[in-house]
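Scroll down for the structure; my scribbles are underneath it.
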Amino acid sequence: MKIVLYLLCFFCTTGVSAQFKVIGFYTGKNDRAHVSYVHEANRWFADMAVKHGFSYDSTNNWSNMNKTFLSQYQVVLFLDTRPDDPAQREAFKEYMENGGGWMGFHFAAFALTPSAYPQNWDWYHNKFLGSGSYGSNTWRPTSAILRVEDAKHPVTKNLPATFKASPNEWYRWSNDLRKNPSIKILLAIDSTSFPLGTGPKAYEIWHSGYYPVVWTNKHYKMLYVNMGHNDIDYEGKTNKELSFTFDNPVQNKLILDGLLWLGKGQAMRSE
């Protein structure tokens, strides 16, 4: 009996019992670059789960966005899109307001009216993310030098001051996140990246400005990461994948540390 009790205490104190569960939601239908990223992400997160002691599931069934299903998981990922059904949106909001963890990538923050993804969810885009609507993006997908804005945060403390990201389509937003006291910007595009983009349209190339790419909302256990758009050979009409998001060790460290920050905190809460 003493041995059993000792082992139980050991597992609790060493964190073995604090394994957390992650669920990745995705649509995987629109834009080959986003579909490529979704497939790559599902493989990468499954590999990381084995190496780092958490579990990873994924689903393209957004009807699973309900209280009963979400209660099984400590962290939810939005790999490409967002829920559109009012009941699903309410279930996600309740999940986050009750301490759930969330990480969203690239298109998960997209909102543009009119479009197939209009800005019709004020809580999510303006309060939770803080970014508002989509403003514009760079083109073609290209690497950028990213700058750490808070070197003490658990998500960024293991990163160099600047690093080169994988090729990506970088987004600009309607809201200035620097003016939102709820938002903590963790990474932004460094000025050494400019000009960023190759066009062919002039407005697809950025020459100056401030562009946050990773941030958190201080009132939620959440992290938004702008990366998540692989480069595809559209022009040559081969649709060949020309770049991958998870072929970058430093960027991978950012994403993994972000997930562990979210998951370990949630696992401890659930004990």
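A 4.5 Å side-chain heavy-atom check between Phe105 and Asp80 finds every atom pair outside the cut-off. Two residues are said to be in side-chain contact when any heavy atoms from C-beta on lie closer than 4.5 Å; Trp102 and Val75 fail this criterion. Between Phe20 and Leu262 there is no side-chain heavy-atom pair separated by less than 4.5 Å. The shortest side-chain heavy-atom distance between Val155 and Thr216 does not fall under the 4.5 Å cut-off. Counting only heavy atoms from C-beta outward, the side chains of Phe110 and Ser115 approach each other to under 4.5 Å.
Between the side chain of Asn168 and the backbone N or O of Gly228 there is at least one donor-acceptor pair closer than 3.5 Å. A donor-acceptor distance shorter than 3.5 angstrom exists from the side chain of Ser243 to the backbone of Asp231, with no hydrogens or angles considered. In this structure a side-chain-to-backbone donor-acceptor pair under 3.5 Å is present from Ser193 to Ile145. Under the 3.5 Å distance criterion, the side-chain polar atoms of Glu169 are left unmatched by any main-chain donor or acceptor of Pro141.
Closest non-hydrogen pair, Thr245 versus Asn252, comes out as O-OD1, 4.1 Å. Residues Lys164 and Asn248 come closest through the heavy atom pair O-ND2, 2.7 Å. Leu186 approaches Leu223 most closely through the heavy-atom pair CD1-CD1, 3.7 Å. Of all the heavy atoms in Pro154 and Trp261, the pair that sits closest is CB-CD1, 3.6 Å. Scanning both residues, Tyr95 and Gly101, for their nearest heavy atoms gives CE2-O, 3.6 Å. Nearest heavy atom pair, residue Ala144 against residue Leu196, reads CB-CD1, 3.8 Å.
With 3.5 Å as the limit, one finds no donor-acceptor pair spanning the side chains of Thr198 and Arg140. Judged purely by distance below 3.5 Å, without hydrogens or angles, the side chains of Ser36 and Glu241 pair a donor atom with an acceptor atom. Between the side chains of Thr59 and Asn61, no donor-acceptor pair is found at a separation under 3.5 Å. Counted by atom type alone, Asn42 and Tyr26 present zero donor-acceptor pairs between their side chains at under 3.5 Å.
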When you look at Trp62 and Phe78, which way does the ring pair (Phe, Tyr, Trp, His ring centres under 6.0 Å) test go after all the steps? CA-CA 11 Å; Trp62 286 88; Phe78 287 3; 5.4 Å; yes

Give the C-alpha distance, both sets of side-chain angles, the deciding distance and a yes or no for ring pair (Phe, Tyr, Trp, His ring centres under 6.0 Å) between Phe107 and Tyr117. CA-CA 10 Å; Phe107 199 70; Tyr117 299 92; 5.1 Å; yes

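Tested against His106 for a ring pair (Phe, Tyr, Trp, His ring centres under 6.0 Å), the candidates Tyr134, Tyr171, Tyr224, Tyr37 yield a single pass: Tyr171. Of the options Trp121, Trp215, Tyr220, a ring pair (Phe, Tyr, Trp, His ring centres under 6.0 Å) to Phe128 is made by Tyr220 and by none of the others.
Under the 4.0 Å criterion applied to side-chain N and carboxylate O atoms, Asp150 and Lys157 are not assigned as salt-bridge partners.
Judged as a side-chain hydrogen bond (donor to acceptor under 3.5 Å, both in side chains), and not counting sequence neighbours, the contacts of His125 are Arg82.
Taking the six-membered ring where tryptophan is involved, the planes of Tyr211 and Trp206 are essentially parallel, since the angle between them stays under 30° and well short of 60°.
Hydrophobic cluster membership for Val50: none, as no Ile, Leu, Val, Met, Phe, Trp or Tyr side chain comes under 4.5 Å of it.
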